[in-house]
Amino acid sequence: MLYINGEWRKSNSGETLEVYNPATGELIDSVASGGREETREAIESAKEAFKTWKRETGQKRGKYLARVVAKMKDKADDIAKTITMEMGKPLPDAKREVGGAIAYLDWYAEEAKRIYGETIPASHPDKHLMLLREPVGVTAAITPWNFPASMITRKIGPALAAGCTVVLKPAPSTPLSAIKVFECFHEAGLPKGVANLVIGPAEEIGDEMTENPDVRKLTFTGSTNVGKLLLRKAANTVKKVSMELGGHAPLIIFDDADLDAAVQGVLVTKFKNSGQTCISTNRVYVAESIAEEFGGKLAEAAAKLKVGNGIEEGIDVGPLINSQALEKVESHVDDALRRNGKVLCGGRRSENTIGNFYEPTVINYAHDDMKISTEETFGPVAPIFTFKDETEIIERANHESYGLAAYCFTKDLGRGHRMMKELEYGIVGINDPAPIVPQAPFGGIKESGMGKEGGKSGLLEYLEEKFVSISTGN
Ligand code: ADP
C-alpha cells in the first residue's frame, strides 16, 4: 500500500509489485506500485502539511516522534520478522536493527526541542544580528534494502524533528518493512501529509522527486552510481542534498593487536548482514609477522558460522539479496583465485541452492591488483592482505575514491592516534568494530557521500540558516 496524505491507498493504475523471500525464493506478498503521478500527489500533500508542521513547537514535534517510538516498540517483533522475510538477515540481527531504528527516532524526539539559533556580535552599537535555524521544507528520501527499517528512521527522525515533511521511497525489494514503519507513524496520529510513502519503479519516482521544485531536500542512501545520477538531477533545482554512498573499508591489524578481538572484529564487520553493508570490511590488512596465525584463526571462526534461513534459530549468516548479488560475489572470488589467492574457508555457494546463499569465505594472499581490493563486494568474503610497516599501510589503506569507514586494531595508544588522523574516512573504529550510535555523525568523505546522519550534524542537514540583521537605532 501507498501512504499519501494520511491514507493507505492503491496506486492510480492498480499496478502491484511482488516481494520475494531471498532465503526460499517464495512470494511473500504483493503491494501497490505507484509512479510519477502518485509521487507528485505525495509531494503536494507534504507541501501542504509543511505549512503547519513547521509552525509546531519543537516540543510538540518531539512528542509526536515519541509516540511513534512507543508504537515501534509494540510492533518490534513483527517488524523484525518482516525484515528477515524480505531481505534475509537472521532474526536476532533484524531485532537489533529495529532497536537501532527506534534509537534514532528516540534521539531525535529529544533533539526536536533543542534546535537553537544564535546571536552574533554586531559591528555597530545599533544593530542586532541573529541566526535562525529553520526547516528546509519538503524532503524526498530514498532508502536501500540492506537496513530496510533503520535507514528510514535515520532520515525521517531528524527531518520531522527539524520541521520538514517527507516523501519516502524504499527499495523495491523491501517495501513491507517500510509499510510496517509507516503503520507506526499512522497509528501515532501524525498529522496527515507529514510523512508519505510511495513504492514503485525507482527511476520514475526518482525523476519526480528530483525534478519537482517543491522538493527542497533530497536524502539518499545507496550505491555511488545512483547517488551521482541523483546529484546531477537535483542540480537543476539546486536542492539541498545528503548522500550516503558506497564504501570500501579497510580493517588493519598490527602485530601488537589482541588477535582474538581482531578476529571478532572481522566476523562482525564482514559477515553480519552477509557483508551487505556500506561499512562492511572489504580489505583485511594483517602485519606480515602474524598473518599466518591470524588467517588460521579467522578461517576457523568463519567456518563455524551457520548459514541458512534467518527465520530459523541459530543462524549467523543469511542469504544475499538476489541472484545478481550472488554472481558478483562469485566473480570477485573467481578473480582472486585466478590471481593466486587461496581459499582458507568457504569460496563457494552454500549447499542450500534454493536461496541466494554463499558460504562465509576467507581468502589468503590477496593483493592490490585483485578486483576485491578496490570494488565493493557486498558479500561474505574476507580477503587477507599483508603489510610490513605503518607508513606502507597508511598509503594502501586510503582508497582512491571511497572514504566511509575504516577499522584498526592495535594496543599501542600512540599508533591508534596516528591512525585516527591518517585514515581518510568519515568513520574510524580503533579496536572497535561497531562504532555506530544515534548520537554520533555517520557519513563518508570522497565519493562515499556528503552530509551526515545521526547526532547534531544529522539534524543540521534538515535546517537552513537564516541571518537577520536588525537596525535598532531611530
Ligand atoms: P543497491 O545496489 O544497494 O540496490 P541502489 O543505489 O541501486 O543500491 O538502490 C538504493 C535505492 O535507490 C533504492 O531505493 C533504489 O530503488 C533506488 N534507486 C535506484 N535507481 C534509482 C534511480 N534511477 N532513481 C531514483 N532511485 C533509484
Side-chain angles (χ1 to χ4, degrees), residues 2 17-20 22 31-36 38-40 42-43 83 86-89 139-156 166-179 181-182 196-212 215 217-237 239 241-248 273-280 282 319-329 331-332 356 375-379 402 404 444 447-450 453:
L2 313 179
L17 178 84
E18 294 183 334
V19 187
Y20 293 90
V31 297
S33 170
R36 257 195 119 115
E38 292 83 350
T39 309
R40 199 173 306 133
I43 293 168
I83 293 174
E86 68 176 353
M87 68 69 63
K89 76 179 62 171
T139 295
I142 300 179
T143 49
W145 49 265
N146 58 349
F147 288 86
S150 61
M151 292 300 108
I152 295 177
T153 58
R154 206 156 87 170
K155 294 184 186 310
I156 296 190
V166 178
V167 179
L168 177 98
K169 187 202 95 57
S173 42
T174 56
L176 302 175
S177 308
I179 290 173
V181 171
F182 268 74
N196 303 272
L197 172 66
V198 285
I199 296 163
E203 216 176 307
E204 244 188 84
I205 296 175
D207 281 353
E208 183 60 33
M209 285 176 157
T210 45
E211 286 168 23
N212 193 319
V215 172
K217 162 90 195 180
L218 174 68
T219 169
F220 170 76
T221 300
S223 60
T224 298
N225 281 343
V226 173
K228 288 179 182 176
L229 179 84
L230 293 173
L231 262 177
R232 282 194 286 269
K233 290 185 176 176
N236 283 335
T237 44
K239 299 188 195 311
V241 172
S242 346
M243 297 268 150
E244 299 293 349
L245 309 176
H248 204 277
N273 229 29
S274 304
Q276 305 171 110
T277 304
C278 45
I279 56 166
S280 283
N282 276 269
L320 295 173
I321 188 70
N322 55 34
S323 56
Q324 293 95 297
L326 204 51
E327 281 158 20
K328 184 174 186 194
V329 169
S331 84
H332 277 197
N356 308 312
E375 291 178 29
E376 206 177 1
T377 309
F378 238 57
Y402 287 126
L404 186 53
E447 293 182 24
S448 287
M450 52 172 67
E453 292 188 329

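Remember, predicted model here, so these are calculated numbers, not experimental data. Numbering of ligands and ligand atoms starts at 1, following listing order.
Counting only heavy atoms, the protein gets under 4.0 Å from atom 6 (O) of ligand 1.
At a 4.0 Å cut-off, at least one heavy atom of P170 sits close enough to ligand 1 to count as contact.
Between the side chains of S177 and E86, at least one donor-acceptor pair of N or O atoms lies under 3.5 Å. Side chain to side chain, K155 and T221 meet the donor-acceptor criterion of an N or O pair below 3.5 Å.
The contact set between ligand 1 and V226, taken as ligand atoms under 4.0 Å from a residue heavy atom, comprises 6 (O), 7 (O), 18 (N), 19 (C), 20 (N), 21 (C), 27 (C). Of all atoms in ligand 1, listed by their number and element, those nearer than 4.0 Å to a heavy atom of I142 are 11 (C), 12 (O), 14 (O), 17 (C), 25 (C), 26 (N). For ligand 1, the atoms sitting less than 4.0 Å from at least one non-hydrogen atom of L230 are 24 (N), 25 (C), numbered in the order shown with element in parentheses. Ligand 1 places these atoms under 4.0 Å from at least one heavy atom of P172: 16 (O). The atoms of ligand 1 that sit less than 4.0 Å from any heavy atom of L229 are 23 (N). The contact set between ligand 1 and G222, taken as ligand atoms under 4.0 Å from a residue heavy atom, comprises 6 (O), 10 (C).
With respect to the salt-bridge test (charged N to carboxylate O, under 4.0 angstrom), the residues E203 and R36 do not qualify.
Remark: the backbone N or O of L17 is not paired with any side-chain donor or acceptor of S33 at under 3.5 angstrom.
Using cut-offs of 30° and 60° for the angle between ring planes, the H248 and Y402 rings count as parallel.
Contacts with ligand 1 closer than 4.0 Å are made by backbone heavy atoms (N, CA, C, O) of T221 only, the side chain lying farther away. Residue F220 touches ligand 1 through its side chain alone, judged by heavy-atom distances below 4.0 Å.
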